[in-house]
Amino acid sequence: MTNERFEAPTPLHPFKKAIVIGAGRGIGEAIARKLTREGYLVGVVSQNFDNAKKVSNQINTDAGEILSLAYTHDVKNFDEVDGLLKQVMDDLGGLDLLVYNAGILLPTTLTTYQFENDRTMMEVNVTGAMAWINAVAPIFQDLKRGQIVGISSVAGDRGRVKNPAYTASKGAFSTYLEAIRNRLSRHGVNVLTVKPGFVQTDMTKNQTGLFWLITPEKAAEDIWKAIKSKKQTIYTPFQWRYLMLVIQHIPSFIFRRLSF
Amino acid sequence: MESKTESTQTFQTLENFGHSLSAPSIVITPKTVDEIYQGVKFAKKNGYQIAARGAGRSYNDAALNGGGVVMLFTEMNNITSWDPETGLITCEPGVTLEQLWHKILPDGWWPPVVSGTMTTTLGGCLGMNIHGKNNYRMGTFGEHVVEFTALLPNGAELTCSPNLNGDLFYSMISGMGMLGFFTSITMKMKKVDSGYITVNAFPVYNLDEHLTAIERDAPTHDYTVGWLDTMVGGEALGRGQIHAANYVHGNEDPNPSSSMKLESQILPEKMFGVFPKSLIHYFMKPFSNNLGWKLVSTAKYVASLRTGKYNQSHAAFHFLLDYVPNWEKAYGRGGLIQYQSFLPKETARETWTKLIDLSLSYHLPSYLGVTKRHRPDKFLLTHAVDGFSLAMDFKVTSANQKKLSQMLQEFDKMVLEAGGRFYFAKNSETSRQTTEQFLGAETIERFKALKRRTDPDMVLESDLYKRLFA
């Protein structure tokens, strides 16, 4: 880490504090940018330090002050979480918001089965989130404030033939977030589940048949509004909520014959 | 202790005085010197830094350390010895001024220097080297310390007095808790003959009269303080009321043993005998805006036009901030900040005229102005000057933050140009550059050199220290 320090909050120049996991590009990057424009200091965490550094440098150059710092961390290294959380909280001077955006989709075909890929998706998309949320939840619970945001996916609403492990991981993440919300809401802590549809990121770059495609900036805008108004679950863009409602109710004898 | 901190690293939200900042920290509350050391070891082992905190009465981030450890001294609060013959008292650092005067006044003594609130701890008073309404005569709190013992983060325990480890004596006092922890403090108290003080109250009609009156009366009075109506400009700019007070001496008090009893001193909990004061701040809140406060300020000024001479208890005279409990909550959600500038007597008049005019043209008047007379002292990070100070309270709202911040930056420039100084327990917006300018690079380097000696691992860093020095 460098000798850089976050801007120090004063009564007339206050800041809220956030950690965004998986902020090196895509939706996470857009959220980190948005938060710094809304009065947050942000710890930009990415597996790829160069990406994290690029994001944080650009944020700081645009703002003319140090609103973000870069940290490198592979969410599969669960043992690193406690130490890194401690360090980032110390650098930030506290924590008001955790955004877990790390996610991976490894392509597969309708007839391949690769355990290693499935395990990686589960570890990045769910287990890593559990490691972070388990570290942050007791702190927020004691402080009786704070907010946890999980970037899940519409893919988790149904088990689909295209990618069993990805849909399972997002389904697990959504259910986990719901349970954590039920635990923490009584302590004044809000948990927000975000279910994006198709967003223009590296993840969707080579996919075909995309519709309602939005930019990461648009997703970040929706997510920020939901953070501000302490929503519980949002779809972005919003029309996915209605589409998924329909999809969730497609009977299995039809759904299992679909190729989507 | 060790096992307790290991197993329960719970974060707790701490605030500053004025409720304008808050930060979560792991709070360690030592009761013994060994427990302080265990706390230091815990912090080092886990990569945390530590801020020392007493009563939390700093208006800025001096006793906060967001995301790190705060060592809270409120439970290390025993008075270990008191000698009513010599007036020497030895206390642990968490002893409050309230405990102190309760102990000594019945024996005919009073603390030589006190702050406007009695909730402050001795450790905090020394870390900031506080002053009172008698700064021009009695100096700062630190000038009455005979010796103290300290635990340094490097594990050393040592005794400091003006002649023993003098460099640390003159830098730990005023050192914001950034060199080490006070573990025991021995001070000399002031003999008094009565529990009363005679107060002369009279009005002044502009800033020139205001400062002239303070300068004229200070040499003949034990205490001198002014209230300045910061809401008016023009001809009347600087108008207000002066309180010049003297101890009541020997035969002037017919019954000193009675006036020095605690019952004669305790601040009443009810106003006019019926109205609970703990509720007053709710009733102040509707006035806490520019128009409402102008009304209050003007009423106060009109009331002060009558010249008066009266006797008042020590506690009632000194601890104005305790008179209305939680008064600071009247400022609402954004809280308040205080801006205090210390100016040489030659430049004070001109500079404060500019400051007040500027605040009125910004429509951001201060709601309370308090003036005092000061003298320089020998402590390393001193805020004192041969001149005056003006403390101004400003209400903070989310709508005025930007403007207020811009105005205070202009204030800082004017004060620096006039050779002024600032105080680390008060101003929250002072920048690193301003600090370097008024302290001087050499002083800061001397402080940092001492810190490298006492705290080589840089364990002691409050949010204030990080913001201005680290």
Side-chain angles (χ1 to χ4, degrees), chain A residues 1-19 38-43 63-66 69 71 80-98 134-148 184 187-189 228, chain B residues 8-16 18-27 43 46-49 59-61 64-69 331 334-339 394-398 400-409 427-432 461-468 470:
Chain A
M1 211 91 336
T2 56
N3 292 333
E4 280 182 321
R5 282 174 186 268
F6 282 108
E7 291 296 319
T10 70
L12 299 184
H13 199 33
F15 291 105
K16 290 192 140 196
K17 289 115 188 204
I19 299 178
E38 297 294 342
Y40 277 80
L41 301 175
V42 177
E65 47 186 352
I66 313 261
L69 288 185
Y71 301 87
E80 285 176 12
V81 171
D82 281 338
L84 182 58
L85 173 64
K86 202 183 290 177
Q87 188 198 333
V88 185
M89 269 187 79
D90 198 22
D91 293 348
L92 285 166
L95 188 65
D96 301 288
L97 172 65
L98 170 75
N134 272 294
V136 167
I139 296 173
F140 283 172
Q141 180 176 292
D142 286 337
L143 294 175
K144 305 219 168 296
R145 61 200 274 187
Q147 191 159 194
I148 294 170
L184 290 180
H187 297 287
V189 180
K228 227 169 85 175
Chain B
T8 57
Q9 288 183 29
T10 57
F11 281 83
Q12 206 176 310
T13 303
L14 297 173
E15 284 192 328
N16 63 339
H19 309 291
S20 53
L21 283 172
S22 70
S25 298
I26 297 170
V27 179
N46 291 282
Y48 289 120
Q49 289 170 320
Y59 286 88
N60 57 19
D61 45 2
L64 297 176
N65 182 22
V69 170
Y331 280 88
L336 84 136
I337 55 168
Q338 192 168 87
Y339 185 93
F394 292 97
K395 176 176 169 155
V396 179
T397 66
S398 49
N400 79 5
Q401 278 168 355
K402 268 218 169 91
K403 256 172 72 186
L404 192 50
S405 161
Q406 196 186 334
M407 182 178 88
L408 296 188
Q409 281 170 30
N427 297 24
S428 58
E429 309 297 317
T430 314
S431 71
R432 193 179 281 258
E461 283 199 2
S462 62
D463 282 348
L464 173 79
Y465 187 82
K466 283 179 204 155
R467 189 163 57 83
L468 296 184

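Naming convention: chains lettered A, B, ... in sequence-line order (proteins, then strands); numbering from 1 in each chain. From a predicted model like this one, the values you see are computed outputs, not experimental measurements.
With a 4.5 angstrom heavy-atom cutoff, B:I337 touches chain A only via side-chain atoms. For a residue to count as touching a neighbouring chain, one of its non-hydrogen atoms must lie under 4.5 Å from one of that chain's; by this rule B:L336 does not touch chain A. Proximity to chain A is limited to the side chain of B:E461, based on heavy atoms less than 4.5 angstrom apart. Within the 4.5 angstrom heavy-atom criterion, no atom of B:S398 approaches chain A. Neither the backbone nor the side chain of B:D463 comes within contact range of chain A, judged by heavy atoms closer than 4.5 Å.
Panel note: side chain B:E429, backbone A:L12; a donor-acceptor pair is recorded below 3.5 Å.
Partners of A:F6 by ring-ring contact (aromatic ring centres under 6.0 Å, His included), not counting sequence neighbours: none found.
Atoms CG and CG, on A:D82 and B:N46 in that order, are 10.5 Å from each other to the nearest 0.5 Å. To the nearest 0.5 Å, atom CE of residue A:M89 and atom OG of residue B:S25 are 8.5 Å apart.
Taking every heavy atom of both residues into account, A:P11 and B:V396 meet most closely at O-CG1, 4.0 Å.
In terms of non-hydrogen atom pairs under 4.5 Å with chain B, the most contact-rich of A:R145, A:K86, A:H13, A:E7 is A:K86. Among B:K466, B:Q49, B:Q401, B:K402, the residue with the largest count of heavy-atom pairs under 4.5 Å with chain A is B:Q401. Highest contact tally toward chain B, considering only A:L143, A:V88, A:D142, is held by A:L143 [criterion: heavy-atom pairs under 4.5 Å].
Using a 4.5 Å cut-off on side-chain heavy atoms (C-beta onward), B:R467 and A:T10 make contact.
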